[in-house]
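Written out below as structure tokens is the structure these notes cover.
Here the structure is a predicted model, which means the values were calculated and not measured. The chains referred to below are lettered A, B, ... by the order of the sequence lines, with proteins before strands, and numbering in each begins at 1.
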Amino acid sequence: MSYEKVSREEDYNKWYQNLVVNADLAEHSAVRGCMVIKPYGYAIWEKMQAQLDRMFKATGHSNAYFPLFVPKSLFEAEEKNAEGFAKECAVVTHYRLKTNPDDKSKLMVDPEARLEEELIVRPTSEAIIWSTYKNWIQSYRDLPILVNQWANVVRWEMRTRLFLRTAEFLWQEGHTAHASKEEAIQETVQMLDVYSEFAETFMAIPVIKGVKTENERFAGAEDTYCIEGLMQDGKALQMGTSHFLGQNFAKAFDVKFTTQQGVQEYVWATSWGVSTRLMGALIMCHSDDDGLVLPPNLAPIQVVIVPIYKGSDQLIKIDEVANKIKNELELVGISVKYDNRDTQKPGWKFAEYELKGVPIRLSIGPRDLENGTIELARRDTREKEVLQQTDLTGKIQNLLKQIQENLYLKAETFRDNNITAVNTWDEFKEVLNTKGGFISAHWDGTSETEETIKQETKATIRCIPLNQKAEIGKCVFSGKPSNGRVLFAKAY
RNA sequence: CGGGGUGUAGCGUAGCCCGGUAUCGCGUCUGCUUUGGGAGCAGAAGGUCGUAGGUUCGAAUCCUGCCACCCCGACCA
């Protein structure tokens with residue numbers, strides 16, 4: 001394989017794009033802004049899905065599926081939500097094609113087949129779901145409803161990037177209905193915790209939990225909670241959101257329930273989601289100039305075994321040892337690939353699996369056969385060591401855990417070193433331009449100030465951290481009083 | 001959606017200014033030799049030059065429309 005090598009330092013964007021394509025995660029498709037997720041990339045997404053799905057089920061949720069299309073009249077019911085998404089909606093207007101009479105080899109939209117009501121391709125599903133929940137909910141006995149769906153959504157973005165922002169993307173969206181405000185808020189916060197635990201434990205990415213400002217809030221939500229991660233180039237990435245929707249959708253779709261006391265009340269709602277954008281976070285957080293670095297908990301292949309041999313006699317003997325090790329590792333649930341293809345050389349395979357981020361590589365050659373040893377190389381630190389073939393399983397189990405932890409700690413150290421507290425506007429601009437990362441600063445709480453800061457520096461308030469300390473100060477921009485610091489950053 | 005750039009074999013590219021049907025490397029195929037960090041030699045295959053028109057005796061090259069990607073801006077729950 002021959003491809004353009006660009007380091008993170010030279011051109012971070014290009015490095016990212018090359019990596020996505022070269023590591024076989026995804027590629028551009030024939031459709032503008034839409035990507036093909038390739039088998040290796042999809043395997044990582046499937047591991048994310050599987051784990052998140054377990055966590056959703058463990059917190060009492062069930063999966064369901066709602067339609068891709070939303071009738072315009074339903075879509076526009078919740079005004080703020082509709083307004084927020086209006087500019088990026090794909091719209092279906094016709095339901096039939098016909099042969100073009102001027103050119104029999106071509107098709108054309110049949111003008112006779114115009115839909116009476118246009119269908120919006122969902123940018124999110126609140127509208128279709130709440131119009132359905134209306135029928136599901138009459139009494140407090142019907143609550144709560146705890147539903148999640150795995151789906152695709154379409155947002156006609158002007159500018160796209162593989163995984164980070166595509167016109168169509170895959171995600172999950174949880175939509176819950178509750179009898180009380182408190183319960184809905186509790187659900188919102190609970191799912192934020194699920195996301196942060198997933199990000200930290202599985203993706204090995206430390207995240208900051210917070211609340212969005214009004215400017216950044218989900219259209220139609222009362223509060224938007226989020227997890228924010230920091231990428232290696234110092235830009236922040238929103239990795240998941242959990243919304244407390246209040247009674248906005250219940251009112252828009254007239255969803256009421258009868259309380260135990262026999263009173264009719266509007267239902268309280270939440271929604272929460274993470275998307276294939278997490279793939280982008282995973283790539284940008286850990287990978288290096290040689291390729292992907294995957295945390296063991298999400299790596300489709302955790303251990304690869306590469307034989308080094310001369311002639312088929314040696315290979316047969318190595319096969320025997322390698323397969324034995326493979327079986328032992330698989331017995332304890334480790335995913336192993338033994339790559340004994342004769343069509344590629346060992347060095348080629350080493351580079352290939354490094355590009356693909358496989359956490360541990362074992363290689364076995366004639367020397368190892370003689371000595372009963374094996375060479376182990378770890379992707380995260382690039383360290384190599386020679387081990388005895390006996391007792392390998394336990395060591396590898398431990399090492400996978402260590403790699404997982406090491407990636408997290410490395411990312412955490414980087415993140416912590418890149419949260420800078422500033423107190424003056426000059427300092428703010430200085431840090432933003434030279435160092436990047438999160439800037440912890442006082443803010444007067446107004447949208448105007450946030451907007452002006454954004455205009456002048458491109459930095460936005462990523463969140464008001466949940467663990468914000470009460471601290472009297474002055475807004476870094478306006479000098480007006482503030483009682484706590486918020487996090488600013490340039491963001492994806 | 002505005003400004004700029006790019007599009008040539010599976011990948012990366014030369015050629016374009018100054019028109020004469022295409023360069024090089026990697027990869028692919030065949031054979032032999034190789035195998036502890038992307039093997040070597042020899043031979044071979046593979047291209048309607050993004051797409052649709054136009055100018056011309058002749059277009060990868062000049063002109064126009066369209067498509068896609070990249071960068072900047074606007075936009076982005």
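- Which of B/C76, B/U35, B/G37 sits closest to the side chain of A/K345 comes down to B/U35.
- As judged by a 4.0 angstrom heavy-atom cut-off over every strand, A/T124 is placed among residues making no nucleic acid contact.
- Rounded to an integer number of Å, the gap from CD1 of A/I308 to P of B/A39 is 13 Å.
- Electrostatic pairing of A/R462 and A/E216 counts as a salt bridge here, judged by a charged N lying under 4.0 Å from a carboxylate O.
- Ion pair A/R382/A/E354 flagged as a salt bridge, since at least one NZ, NE, NH1 or NH2 atom sits closer than 4.0 Å to an Asp/Glu carboxylate oxygen.
- Side-chain atoms of A/K310 stay outside donor-acceptor range of the base of B/U34, with no qualifying N/O pair under 3.5 Å.
- For A/N81, no side-chain nitrogen or oxygen approaches OP1 or OP2 of B/A77 to under 4.0 Å.
- The residue among A/A30 and A/L369 whose nearest nucleotide of RNA chain B is located toward the 5' end is A/L369.
- Rounding to whole angstrom units, CZ of residue A/R378 and P of B/G37 are separated by 21 Å.
- The base of B/G37 is paired with the side chain of A/K384 by a donor and an acceptor separated by under 3.5 Å.
- Nearer the 5' end of RNA chain B, as judged by each residue's closest nucleotide, is the contact made by A/R32, out of A/E216 and A/R32.
- Whole-Å rounding puts the A/L376 CG to B/G36 P distance at 19 Å.
- Contact annotation for A/P366: base contact, defined as any heavy-atom pair under 4.0 Å involving a base atom.
- Rounded to an integer number of Å, the gap from A/Q344 CD to B/U28 C1' is 11 Å.
- The base of B/G37 sits with one of its N or O atoms less than 3.5 Å from a complementary donor or acceptor on the side chain of A/E354.
- When distances are taken from the side chain of A/M158 to each of B/C75, B/U35, B/G37, the shortest belongs to B/C75.
- Not one N or O on the side chain of A/N248 forms a donor-acceptor pair closer than 3.5 Å with the backbone of A/K251.
- Counting any heavy atom pair closer than 4.0 Å across all strands shown, A/G365 reaches a base atom.
- Residue A/G273 is classed as having no contact, given no heavy-atom separation below 4.0 Å to the nucleic acid.
- For A/Q314 (side chain) and A/G311 (main-chain N/O), no donor-acceptor pair under 3.5 Å exists by modelled atom type.
- Spacing of P atoms, B/G25 relative to B/A42, comes out at 12 Å, to the nearest Å.
- The side chain of A/W171 lies closest to B/A77 when the candidates are B/G36, B/A77, B/G37.
- Distances were taken from every side-chain heavy atom of A/R361 (C-beta onward) to each of B/A74, B/G37, B/A77; the shortest belongs to B/G37.
- The six-membered or imidazole ring of A/F249 lies away from that of A/Y133, with a centre-to-centre distance of 6.0 Å or more.
- Nucleotide B/U28 has B/A44 as its partner under the Watson-Crick or G-U criteria, with both atom distances under 3.5 Å.
- Nucleic acid contact for A/R165: base, since at least one base atom lies under 4.0 Å from a heavy atom of the residue.
- B/C16 is unpaired under the criterion used here, namely a Watson-Crick or G-U wobble arrangement in which both key atom distances are under 3.5 Å.
- Of the nucleotides present, B/C72 is the one that pairs with B/G2 by Watson-Crick or G-U wobble criteria, both distances under 3.5 Å.
- Checked against B/G36, B/G37, B/A77, the side chain of A/R155 finds its nearest nucleotide in B/A77.
- As a whole-Å value, the separation of A/L162 CG from B/A68 P is 15 Å.
- For the C1' atoms, the distance linking B/U23 with B/G12 amounts to 13 Å, nearest Å.
- Across the C1' atoms, B/A52 and B/A60 are found 16 Å apart, a figure rounded to whole Å.
- One C1' atom belongs to B/A9, the other to B/G27, and the distance between them is 11 Å to the nearest Å.
- Residues A/K324 and A/Q389 bring no donor and acceptor atom of their side chains to less than 3.5 Å of each other.
- The nearest whole Å value for the distance from the CG atom in A/L237 to the C1' atom in B/C76 is 13 Å.
- Within the 4.0 angstrom heavy-atom criterion, base atoms lie near A/Q238.
- Pairing of B/G7, defined by two Watson-Crick or G-U wobble distances under 3.5 Å, is identified with B/C67.
- Closest approach to the A/E352 side chain among B/C69, B/G38, B/U35 is made by B/G38 (side chain taken as heavy atoms from C-beta onward).
- B/G54 sits 16 Å from B/C49 when the P atoms are compared, rounded to a whole Å.
- The nucleotide whose nearest atom lies closest to any side-chain atom of A/T160 is, among B/C70, B/G37, B/G36, B/C70.
- A side-chain hydrogen bond (donor to acceptor under 3.5 Å, both in side chains) with A/T224 holds for exactly one of A/Q238, A/H243, A/E214; it is A/H243.
- Rounded to the nearest Å, the gap between the C1' atom of B/U13 and that of B/G47 is 14 Å.
- Regarding A/Q17, its CD atom lies at a distance of 16 Å from the P atom of B/A68, rounded to whole Å.
- Neither OP1 nor OP2 of B/G37 sits under 4.0 Å from any side-chain N or O of A/R382.
- Using the six-membered ring where Trp is involved, A/F244 and A/W268 have ring planes that are parallel, under 30° apart on the 30 and 60° scheme.
- The side chain of A/N13 lies closest to B/C71 when the candidates are B/C76, B/C71, B/G36.
- Following rounding to the nearest Å, A/N22 (CG) and B/G27 (C1') show an atom-to-atom distance of 13 Å.
- For the P atom pair drawn from B/G15 and B/U6, the interatomic distance equals 12 Å after rounding to whole Å.
- Side chain of A/H28, nearest nucleotide from B/C70, B/A77, B/G36: B/C70.
- Although no hydrogens or angles enter the test, the distance criterion places no donor-acceptor pair under 3.5 Å between the side chain of A/N152 and the main chain of A/F169.
- The C1' atoms of B/G5 and B/G50 are separated by 15 Å, rounded to the nearest whole Å.
- Using Watson-Crick or G-U wobble geometry with both donor-acceptor distances under 3.5 Å, B/G37 finds no partner in any strand shown.
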